[in-house]
Asker: 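Structure below; questions to follow.
Only a predicted model underlies this, so the values are computations on that prediction, with no experimental measurement involved. Remember, it's 1-based here, ligands and their atoms both numbered in the order they're listed.
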Amino acid sequence: MDHKRKSEENAQAGRKVHVEASWPNKQPDEQLDRYLLESPQEDVTHSDVWRVLRIQSEFVSGFGSLAGLGPAVSVFGSARTEPESIYYKQAYHVGQRLAQAGAITITGGGPGTMEAANKGASEAGGTSVGLGIELPFETGLNSWVNRGINFRYFFVRKTMFVKYSQGFIVLPGGFGTLDELFEALTLVQTQKITGFPIVLVGTEYWGGLVGWLTDVVAKERTISPKDLDLFHLTDDPDEAVDIVLRNMVKDKEKKSASRS
Ligand SMILES: C/C(=C\CNc1ncnc2c1ncn2[C@@H]1O[C@H](COP(=O)(O)O)[C@@H](O)[C@H]1O)CO
């Protein structure tokens with residue numbers, strides 16, 4: 001469904017949605033990021049130069065739209081989670097709790113877990129941000145996003161999740177979720193970002209991965225054993241929210257102390 005039609009539907013249903021495209025004159029068939037990634041190296045022509053400018057403009061408009069957003073938490077998880085799933089209910093609860101605490105929920109703006117978190121946030125009267133991504137198959141922003149931005153490039157969009165949130169809550173998910181999780185872990189591990197909580201929700205789902213990181217990856221020393229402390233693991237969505245909110249308070253205190 002295109003964004004114009006989605007906006008009209010939302011308007012008819014009385015939902016207030018603010019959607020921005022981070023690129024002008026979207027042409028749905030044009031998968032420019034795919035061309036960028038697939039084009040041969042010798043093909044560095046004028047079109048690559050223009051592509052760099054388009055990437056730059058996507059960063060500029062993303063920063064412009066999100067500047068001054070306020071305290072926010074990014075919530076990740078599978079695009080395929082069904083509303084009957086316990087993970088959907090947990091993501092809804094996370095969005096709701098964040099809104100009640102005055103924090104903004106940011107998701108990828110898609111279906112499944114993203115929709116659940118946006119719905120929880122929006123129904124609790126909070127700001128519910130969706131950073132959508134242009135895909136070869138149309139999915140569009142979910143109906144519970146009340147502040148939406150669309151991106152063409154995954155890597156630009158991933159920068160926005162990190163830059164404009166103060167922590168990640170990660171529910172069960174597939175490749176997309178793992179990508180977002182491991183990017184944040186790498187940034188914290190290499191101290192590109194500091195004091196940034198990452199909470200995994202779902203011990204049964206994540207247990208295998210955490211076991212492998214502990215028994216193989218840390219044991220083989222491809223990560224340091226202390227890197228295992230860079231994330232939290234819980235079954236309790238309230239605990240996940242408490243961890244990120246506590247960290248936000250600590251962060252705020254640190255900033256005001258350094259100003260005085
Ligand atoms: C595949 C399906 C829908 C795709 N729609 C998406 N919309 C927005 N964001 C998405 C979408 N798919 C993946 N993402 C990003 O990755 C994470 C989820 O990926 P996973 O592989 O499903 O775990 C999510 O946090 C998004 O940022 C099905 O209808």
Asker: Keeping the roles fixed (side chain from Q166, backbone from A72), state whether a donor-acceptor pair exists under 3.5 Å.
Answerer: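 Flag set: sc Q166 to bb A72 pair under 3.5 Å.
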
Asker: Starting from atom 8 (C) of ligand 1, find the nearest protein heavy-atom neighbour and note its residue, name and distance.
Answerer: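 For this ligand atom, the closest protein heavy atom is G108 O, 3.3 Å.
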
Asker: Any non-hydrogen atom of G130 lying under 4.0 Å from ligand 1?
Answerer: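 No; G130 lies far enough from ligand 1 that no heavy-atom distance drops under 4.0 Å.
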
Asker: Just how far is it from atom CG of L171 to atom OG1 of T177, taken to the nearest 0.5 Å?
Answerer: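 Nearest 0.5 Å value for the CG-OG1 distance: 8.5 Å.
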
Asker: Could you say whether the N/O atoms of T177 and ligand 1 ever approach to under 3.5 Å?
Answerer: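 Yes.
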
Asker: Quick one: does G132 get within less than 4.0 Å of ligand 1, heavy atoms only?
Answerer: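 The answer is no: ligand 1 sits nowhere under 4.0 Å from a heavy atom of G132.
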
Asker: Measure the distance from atom 26 (C) of ligand 1 to every protein heavy atom, then report the residue, atom name and distance (to 0.1 Å) of the closest one.
Answerer: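 Nearest neighbour among protein heavy atoms for atom 26 (C) of ligand 1, to 0.1 Å: E180 OE2, 3.3 Å.
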
Asker: Do F76 and F161 make the cut of ring centroids closer than 6.0 angstrom?
Answerer: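 Yes; F161 has its ring centre under 6.0 Å from that of F76.
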
Asker: Quick test: of every protein heavy atom, which one is nearest to atom 19 (O) of ligand 1, and how far off is it to 0.1 Å?
Answerer: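 Going by distance alone, atom 19 (O) of ligand 1 is nearest to G176 CA, 3.3 Å.
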
Asker: Looking at E180 and R157, is any side-chain nitrogen of the basic one under 4.0 Å from a carboxylate oxygen of the acidic one?
Answerer: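 A salt bridge is present here (some side-chain N lies under 4.0 Å from a carboxylate O).
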
Asker: Report the nearest protein non-hydrogen atom to atom 12 (N) of ligand 1: residue, atom name, distance rounded to 0.1 Å.
Answerer: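 Sorting protein heavy atoms by distance from atom 12 (N) of ligand 1 puts A79 CB, 3.8 Å first.
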
Asker: Tell me which protein heavy atom sits closest to atom 6 (C) of ligand 1, plus the residue, atom name and distance to 0.1 Å.
Answerer: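 Scanning the protein heavy atoms, the shortest distance from atom 6 (C) of ligand 1 goes to L135 CD1, 3.7 Å.
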
Asker: For residues F196 and F168, establish whether the separation of their ring centroids is below 6.0 Å.
Answerer: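 Close enough - the centres of the two rings lie under 6.0 Å apart.
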
Asker: Without swapping roles, check the side chain of S128 against the backbone of N118 for a donor-acceptor pair under 3.5 Å.
Answerer: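 Yes, because the side chain of S128 sits within donor-acceptor range (under 3.5 Å) of the backbone of N118.
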
Asker: If the cut-off is 4.0 Å to any non-hydrogen atom of G174, which atoms of ligand 1 fall inside it?
Answerer: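 Counting atoms of ligand 1 from 1, those under 4.0 Å from G174 are 20 (P), 21 (O), 23 (O).
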
Asker: Suppose I only count heavy atoms of G173 and a 4.0 Å limit; which atoms of ligand 1 are within that range?
Answerer: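 Near G173, meaning under 4.0 Å from one of its heavy atoms, ligand 1 has 23 (O).
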
Asker: For atom 10 (C) of ligand 1, which protein heavy atom lies nearest, and how many Å away is it?
Answerer: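 Result for atom 10 (C) of ligand 1: M114 CE, 3.6 Å.
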
Asker: Could you tell me which atoms of ligand 1, counted from 1 in the order shown, lie closer than 4.0 angstrom to a heavy atom of G110?
Answerer: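 Matching atoms, with element in brackets: 7 (N), 8 (C).
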
Asker: Which residue supplies the protein heavy atom nearest to atom 9 (N) of ligand 1, what is that atom called, and how far is it?
Answerer: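 That would be R157 NH2, 3.0 Å.
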
Asker: Is there a donor-acceptor pair closer than 3.5 Å between any side-chain N or O of S85 and the backbone N or O of T81?
Answerer: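 Side chain of S85 to backbone of T81: no pair is present.
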
Asker: When you measure from the side chain of T159 to the backbone N and O of F155, does any donor-acceptor pair fall under 3.5 Å?
Answerer: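 Confirmed, T159 side chain pairs with F155 backbone.
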
Asker: For T113 and S78, indicate whether the former's side chain and the latter's backbone hold a donor-acceptor pair under 3.5 Å.
Answerer: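 Yes.
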
Asker: Which of the atoms in ligand 1, numbered in the order shown and given with their element, are less than 4.0 Å from a heavy-atom of F175?
Answerer: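 Within the 4.0 Å cut-off of F175, ligand 1 contributes 21 (O).
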
Asker: Between NE2 of H232 and CG of L200, what distance do you get to the nearest 0.5 Å?
Answerer: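 So the NE2 of H232 and the CG of L200 are separated by 9.5 Å.
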
Asker: Tell me the nearest of G77, P111, A117 to atom 29 (O) of ligand 1, using heavy-atom distances.
Answerer: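 It is P111 whose heavy atom sits nearest to atom 29 (O) of ligand 1.
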
